[in-house]
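First up is the structure itself, then whatever we jot down about it.
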Number of protein chains: 2
Amino acid sequence: MALSKLPAAAMEQTMRLLGTGPAADLAIRQAAWVARCVGRGEAAPLGRADVDALAATLRTRTYERGAVLFRGGDAADGVWIVQRGRVELSVGAGRRRSVVYVLQPGDVDGDIQHLLDMPLTYTARALDEVTVLSLDAAAFEKLLAEHPQIARRWLSSVAQRLATSQSRIVGLLGRSLTEQVARLLLDEAVDGEVPLPQRTLAAMLGVQRPSLNKILKEFERAGLIEVRYAAIGLRDPAKLLTTAG
Amino acid sequence: MALSKLPAAAMEQTMRLLGTGPAADLAIRQAAWVARCVGRGEAAPLGRADVDALAATLRTRTYERGAVLFRGGDAADGVWIVQRGRVELSVGAGRRRSVVYVLQPGDVDGDIQHLLDMPLTYTARALDEVTVLSLDAAAFEKLLAEHPQIARRWLSSVAQRLATSQSRIVGLLGRSLTEQVARLLLDEAVDGEVPLPQRTLAAMLGVQRPSLNKILKEFERAGLIEVRYAAIGLRDPAKLLTTAG
DNA sequence: CGAAGTGTGTCACCTCGCTGACACTCGACG
DNA sequence: CGTCGAGTGTCAGCGAGGTGACACACTTCG
């Protein structure tokens, strides 16, 4: 899922670059933004035709905080990109709940399930008020077939997610919880802050909240972080990085 | 990395299907096999031209048991596919060694690093005598650019690996070691056998060998498996599956 | 303002898996 | 056929992290 955690500013910038006056269509700007999300374009720049093709097929949907976008076991409903807000992907419930990933603006999901023709294996829940751009399955397939540049980019995007996923596995194997927590905080930070409750962070590591809390308080005493309500501020990212190993 | 764990028989079959008499080139048969490895072709069947293009660029290399194919930090030397034998991908050394993956015949690697222009993050070591087919970076890029069907297939292949990687993360989070071991054995079994020493299996789960050994002996007492020298035989896969949760 | 819901801090107890060690067994190879 | 390296079986002690519980703080919304 993780792809590029573009700050909102990047979107604005992209929009400005592409905006050609009042007539510039919102859909085209959205499509250009999606193109940026789906892999960086060094190897495969998109042409105007590619962006237009994307724009023609995008739909916008909005969910309120706490809403469930889909549940594990559902068939994938095309491909979607988070434009605003965060979406939590989790497996299991109650005490056994594990958070597979937290999608940030710019992250893409649903493509894997479509490509492999498999059901969704996790449940998606909006952590904030969320806007997603979506693309139905047929349109996605058509895009890939008719726009080689888009297919090439999508390949980079999926490859990027695979690399992230593998480095997460390495992070989980044989590391102490302290190292894992330091790494998680660095990975999830946006503008020096991790705006997630401890319960969610604990579920991302597959540990219990008290265990996480203990480590967080140690970090706070050492001046590495600042524990706030439903959020954590990073005070010394460099030192946190050395702690992560 | 895991893609399709094709038994040797599948390769033979593919070769037979494509063999057009004594003149059939070995390289073309190899290329057809690679094409099967890289995603199943429902959505994007390969044409004759695609297979020929693959064949033109393949090189064969052989490594003996224990040889190091590359070390973490090296630049990716193109894309390669395991044709025969197994290759262990690991991070760290000594007590901290973790096994990221064990490549089986048919598995592909090196493409991700090339696509993202990143160095290899793990060390590859031959577990048996190994033959790999390899493809240099320029040829790979050319293939993707000029053969949309291959690009489409490669996308499925990477997507498949991402799905595998994610399900491994779910397996690691919040599961008891017993469940993890059961799942690992099922995932790694080839013809009802897991031909790996306990030390390697332990490194795949990021645990110590005595911990793994204890669970294995419990499974053996329960009649689920049979512990052999540097190998484990599955006696009751169905029951093992229920143990995996 | 005040209640309800959600998040945080902390504790005592207990289990699971790590540590380091040692004896034994298997298989390859000279 | 004997030797050596690699793999396996097992143990006692220890520490990290899970469990369940409870008090308190923050926020939100009526």
Side-chain angles (χ1 to χ4, degrees), chain A residues 64-66 88 92 94-99 125-129 172-182 184-185 193-222 225-233 243 245, chain B residues 64-66 88 92 94-99 125-129 172-182 184-185 193-222 225-233 243 245:
Chain A
E64 27 182 78
R65 180 191 172 116
E88 172 201 274
R95 207 174 315 281
R96 302 284 282 182
R97 192 179 73 116
S98 295
V99 173
R125 191 173 281 107
L127 290 178
D128 314 298
E129 194 177 323
L172 287 169
L173 291 178
R175 306 252 171 203
S176 73
L177 187 51
T178 305
E179 291 168 320
Q180 290 184 44
V181 171
L184 178 67
L185 292 176
E193 198 187 54
V194 182
L196 295 167
Q198 294 179 15
R199 175 158 65 135
T200 300
L201 292 172
M204 294 177 77
L205 295 175
V207 302
Q208 294 309 115
R209 194 182 57 78
S211 310
L212 176 70
N213 182 262
K214 192 177 149 205
I215 311 258
L216 289 177
K217 296 314 278 184
E218 281 168 15
F219 283 176
E220 189 170 43
R221 271 190 290 277
I225 62 173
E226 181 188 354
V227 178
R228 289 201 285 273
Y229 187 79
I232 291 167
T243 308
Chain B
E64 24 182 80
R65 179 190 172 117
E88 173 201 274
R95 207 176 312 282
R96 302 285 283 182
R97 193 179 71 115
S98 294
V99 174
R125 192 173 279 108
L127 290 178
D128 314 298
E129 193 178 323
L172 287 170
L173 292 178
R175 306 254 170 199
S176 72
L177 187 51
T178 305
E179 291 169 321
Q180 290 185 42
V181 172
L184 178 68
L185 292 175
E193 198 188 53
V194 181
L196 294 168
Q198 294 178 16
R199 176 159 64 135
T200 300
L201 292 172
M204 294 177 77
L205 296 175
V207 303
Q208 296 309 115
R209 193 183 56 78
S211 310
L212 176 69
N213 182 262
K214 191 176 149 205
I215 310 258
L216 289 177
K217 298 314 278 184
E218 281 167 13
F219 283 177
E220 189 170 42
R221 272 190 288 278
I225 62 174
E226 180 187 357
V227 178
R228 290 200 285 271
Y229 186 78
I232 291 166
T243 308

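Below, read A as the first sequence line, B as the second, and so on, with proteins coming before strands; counting in each chain starts at 1.
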In whole angstrom, give the distance that lies between atom CZ of Arg65(B) and atom P of dG5(D).
-> 16 Å
Separation of atom CG in Leu212(B) from atom P in dT8(D), rounded to whole Å | 9 Å
Could you check which of dG7(C), dT10(D), dG9(C) has an atom nearest any side-chain atom of Pro210(B)?
-> dT10(D)
Rounded to whole Å, CD of Gln198(B) lies from C1' of dT25(C) at a distance of 13 Å
In whole Å, what is the span from the CZ atom of Arg96(A) to the P atom of dG20(D)?
-> 12 Å
What do the steps show when you test Leu127(B) against Leu196(B) for side chain to side chain contact (heavy atoms under 4.5 Å, CB included), and what is the final call?
-> CA-CA 9 Å; Leu127(B) 290 178; Leu196(B) 294 168; 3.7 Å; yes
Main-chain N/O of Ala231(B) paired to Glu193(B) side chain as donor or acceptor, under 3.5 Å | no
Going 5' to 3' along nucleotides 23-30 of chain D, which nucleotides have protein heavy atoms under 4.0 Å from the base (write B), which only from the sugar-phosphate (write S), and which from neither (write -)?
-> ---BS---
Inspect the surroundings of CZ in Arg65(B) and state if more than 12 heavy atoms from other residues, nucleotides or ligands are less than 6.0 Å away.
-> no
Which heavy atom in Arg228(A) sits nearest to a heavy atom in Glu226(A), and how many Å separate them?
-> NH1-OE1, 3.1 Å
Could you go step by step and tell me if Gln180(B) and Ile215(B) meet the side chain to side chain contact (heavy atoms under 4.5 Å, CB included) rule?
-> CA-CA 10 Å; Gln180(B) 290 185 42; Ile215(B) 310 258; over 6 Å; no
Lys217(B) NZ to dT8(D) C1', straight-line distance once rounded to whole Å = 8 Å
Output yes when Lys217(B) and Glu220(B) qualify as a salt bridge under the 4.0 Å nitrogen-oxygen rule, no when they do not.
-> yes
Base, sugar-phosphate alone, or nothing: which one does Arg228(B) contact when heavy atoms must sit under 4.0 Å apart?
-> sugar-phosphate
Check: dG9(D) base within 3.5 Å donor-acceptor of Arg209(B) side chain = yes
Whole-Å distance between dG7(C) C1' and Leu196(A) CG?
-> 13 Å
Please report the C-alpha distance between Thr178(B) and Phe219(B) in whole Å, then the side-chain angles of each, then the deciding distance to 0.1 Å, and finally whether the side chain to side chain contact (heavy atoms under 4.5 Å, CB included) criterion is met.
-> CA-CA 9 Å; Thr178(B) 305; Phe219(B) 283 177; 3.7 Å; yes
Please test Leu185(B) against Leu216(B) for side chain to side chain contact (heavy atoms under 4.5 Å, CB included), starting from the C-alpha separation and ending with a verdict.
-> CA-CA 10 Å; Leu185(B) 292 175; Leu216(B) 289 177; 4.2 Å; yes
Any side-chain heavy atom of Leu172(B) within less than 4.5 Å of one from Leu173(A)?
-> yes
So which one's nearest nucleotide on DNA chain D is more toward 5', Arg221(B) or Arg199(B)?
-> Arg199(B)
Starting at CZ of Phe219(A) and ending at C1' of dG9(C), how long is that distance when rounded to a whole Å?
-> 17 Å
Contact under 4.0 Å: Asn213(A) side-chain N or O vs dG9(C) OP1/OP2 = yes
Find the bend of the helix from dC1(C)-dG30(D) to dG30(C)-dC1(D) as the angle between its two terminal axes (five pairs each), to the nearest 10°.
-> 40°
Short heteroatom pairs, N/O only, protein and nucleotides 15-17 of chain C, under 3.5 Å:
unit_1	atom_1	unit_2	atom_2	d
dG17(C)	OP1	Leu177(B)	N	3.2

In terms of side-chain geometry, is the basic nitrogen of Arg199(B) or Glu88(B) positioned less than 4.0 Å from the acidic oxygen of its partner?
-> no
Spacing between Leu201(B) atom CG and dG7(D) atom P, to the nearest angstrom | 12 Å
When rounded to the nearest 0.5 angstrom, what distance separates CG in Leu212(A) from CD in Gln198(A)?
-> 5.5 Å
Between Thr243(B) and Glu179(B), which heavy-atom pair has the shortest distance, and what is it?
-> O-CG, 3.6 Å
